Number of protein chains: 2
Amino acid sequence: MLPSMTPPRGSGRRLSADDWIQAGFALLADGGPNALRIDRLCERLNVTKGSFYWHFTDMQGYRSALVEAWGSLHDQSRRAFEDMHDVDPRERLAVLVRTLVVPQHWALERAMRVWALTDEAVLASVQRSDRRVLRAVRQAFVDYGFEPEDAALRSAVVFATVVGLLHASDSTGEAPQELPERFLDFMLRP
Amino acid sequence: MLPSMTPPRGSGRRLSADDWIQAGFALLADGGPNALRIDRLCERLNVTKGSFYWHFTDMQGYRSALVEAWGSLHDQSRRAFEDMHDVDPRERLAVLVRTLVVPQHWALERAMRVWALTDEAVLASVQRSDRRVLRAVRQAFVDYGFEPEDAALRSAVVFATVVGLLHASDSTGEAPQELPERFLDFMLRP
DNA sequence: ACCTGAACACCGTTCAAGT
DNA sequence: ACCTGAACACCGTTCAAGT
């Protein structure tokens, strides 16, 4: 047998720093900030602790890397939305809401907000992301034809609703399929 | 030799729950909330961990007991001040300020305020104490002859100054002896 | 009633040694 | 370059056994 040409295989591959980051997101998502332990990361990645300390100097360094990676992720989706000014505003809003409401991300978002309660850097990152999303939502309302003040109000409601959903929903989260659309119809009423 | 009649001796005596509480205050004072560890308590009291678990069910229970004890301490001094309405208001203020400014208590007060940042129960206790002190200070100003609004302003300034001192001072704290008196003179100007 | 002593689980960190 | 394996320090918790 020849050595496989596909490098990124779950077992048997060497790890990159990003693999540790992704594992961290997973742990955060289903255990909250307190689940962020080196042991559990190693378990998930099938390596020993020594590996962790080759990629990161210590736990604090790893946490910083995680927070920065999360920030970059959100910057990415912000750019995606900013590249949509040509798209129909209603469709743009639908994409925004659908993105925010994906259950897959819920748990991580919630964990970051809990973490923000005790970590300044996390708080700053979350707030930065929130401001950007809010701005994009407001712009969509403006482009839809609402007056600036009206747009500000409606975007605030949409944003607060989504964040509220984040915390209210039990994690089992069978999200009603058509609810986003009905919600948007309501928010776009003249 | 006959067995000594004085029971409360530092070495060789059995411990009460209050001994653990006092040791906790000491640790808090010179190490902050993170210094509150069972090991260090045992070191201080010359016992092993098993002893701790005889007096308290677990760390959380101990913390609750500590917070409650701290609250009682402050309730005590509040009562002391409330029993002073017959005393000259200026003297009353002097006592208040002198009590709050005793370097011996500074470190503990600071630790409690840091702890309050991450513990609801601690926060509640600190705020409860603050309200009571503030009320006593205001009453003294009123009794001194100031109008209610003026008294409210002056008491707020006095209180804020003291709390500010708590955090600003380096812990070495060679507190200027006569400063409280001069401060009071200033605050009692018509 | 109060405490010792030993053990365990958990977690972060280090480091010589392997490939 | 990347990882193992073993060790260490720290900390909370349990419990049989002692006085």
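In what follows, every chain begins at residue 1, and chains take the letters A, B, ... in the order their sequences are listed. Excluded from the calculations below are hydrogen atoms, water molecules and symmetry mates; all remaining heavy atoms, backbone and side chain alike, are included. All values reported here derive from a predicted model rather than from experimental measurement.
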Exercise. A:F56 CZ to C:dC11 P: how many Å, rounded?
Worked result: 19 Å
Seminar exercise, completed: side chain to side chain donor-acceptor pair (under 3.5 Å) pairs touching residues 52-61 of chain A, sequence neighbours excluded, are none
For this session: May I have the distance from B:D39 (atom CG) to C:dC11 (atom P), rounded to whole angstrom?
Result: 17 Å
For this session: Given salt bridge (Lys or Arg N to Asp or Glu O under 4.0 Å), test A:R113 with A:D130 step by step and report yes or no.
Result: CA-CA 11 Å; A:R113 281 165 206 280; A:D130 281 359; 3.0 Å; yes
Exercise. Between A:L15 and A:D19, what is the shortest heavy-atom contact and its length?
Worked result: CA-OD2, 3.5 Å
For this session: Return the stems involving DNA chain D, sorted by first number, where pairs are Watson-Crick (N1-N3 with N6-O4 or O6-N4) or G-U wobble (N1-O2 and O6-N3), both under 3.5 Å, and runs are 3 or more long.
Result: C:4-8 with D:12-16, C:12-16 with D:4-8
Exercise. Just by modelled atom types, is the A:V157 backbone N or O under 3.5 Å from a matching donor or acceptor in the A:T161 side chain?
Worked result: yes
Exercise. Shortest non-hydrogen contact from A:Y62 to A:W20?
Worked result: OH-O, 2.6 Å
Problem set entry | Sorted by number, the residues of residues 19-26 of chain B with heavy-atom contact under 4.0 Å to DNA chain D | none
Exercise. Would you call A:D143 and A:R92 a salt bridge, using N to O less than 4.0 angstrom?
Worked result: yes
Exercise. Restricting to pairs with a member in residues 115-153 of chain B, which pass ring-ring contact (aromatic ring centres under 6.0 Å, His included), not counting sequence neighbours?
Worked result: B:F141-B:F146, B:Y144-B:F146
Exercise. For B:H55 and C:dA1, is the shortest distance between a side-chain N/O and OP1 or OP2 below 4.0 Å?
Worked result: no
Exercise. B:R40 has a side chain; which of D:dC11, C:dG12, C:dT4 sits nearest to it?
Worked result: D:dC11
For this session: Look at the side chain of B:T48 and decide which nucleotide, out of C:dT4, D:dT4, C:dC3, has an atom nearest to it.
Result: C:dT4
Problem set entry | Heavy-atom pair of closest approach, residues B:I21 and B:A69 | CG2-CB, 3.6 Å
Exercise. Can B:D75 and B:S72 be counted as having a side-chain donor-acceptor contact under 3.5 angstrom?
Worked result: no
Exercise. Looking at B:L28 and B:A111, what are the two nearest heavy atoms and their distance?
Worked result: O-CB, 3.4 Å
What pairs of donor and acceptor atoms, side-chain ones from residues 183-190 of chain A against any protein atom, are under 3.5 angstrom apart with sequence neighbours left out?
residue	atom	partner	partner atom	Å
A:D185	OD1	A:R90	NH2	2.5
A:R189	NE	A:F186	O	3.4

Could you list all N or O pairs between the protein and nucleotides 13-18 of chain D that sit under 3.5 Å apart?
residue	atom	partner	partner atom	Å
D:dT13	OP2	B:Y53	OH	2.8
D:dT13	OP2	B:M59	N	3.0
D:dT13	O5'	B:Y53	OH	3.2

Exercise. Does A:R37 have a side-chain nitrogen or oxygen under 4.0 Å from the phosphate oxygens OP1 or OP2 of C:dG12?
Worked result: yes
For this session: Mind calculating the distance between CG (B:L41) and C1' (D:dG12) to the nearest angstrom?
Result: 12 Å
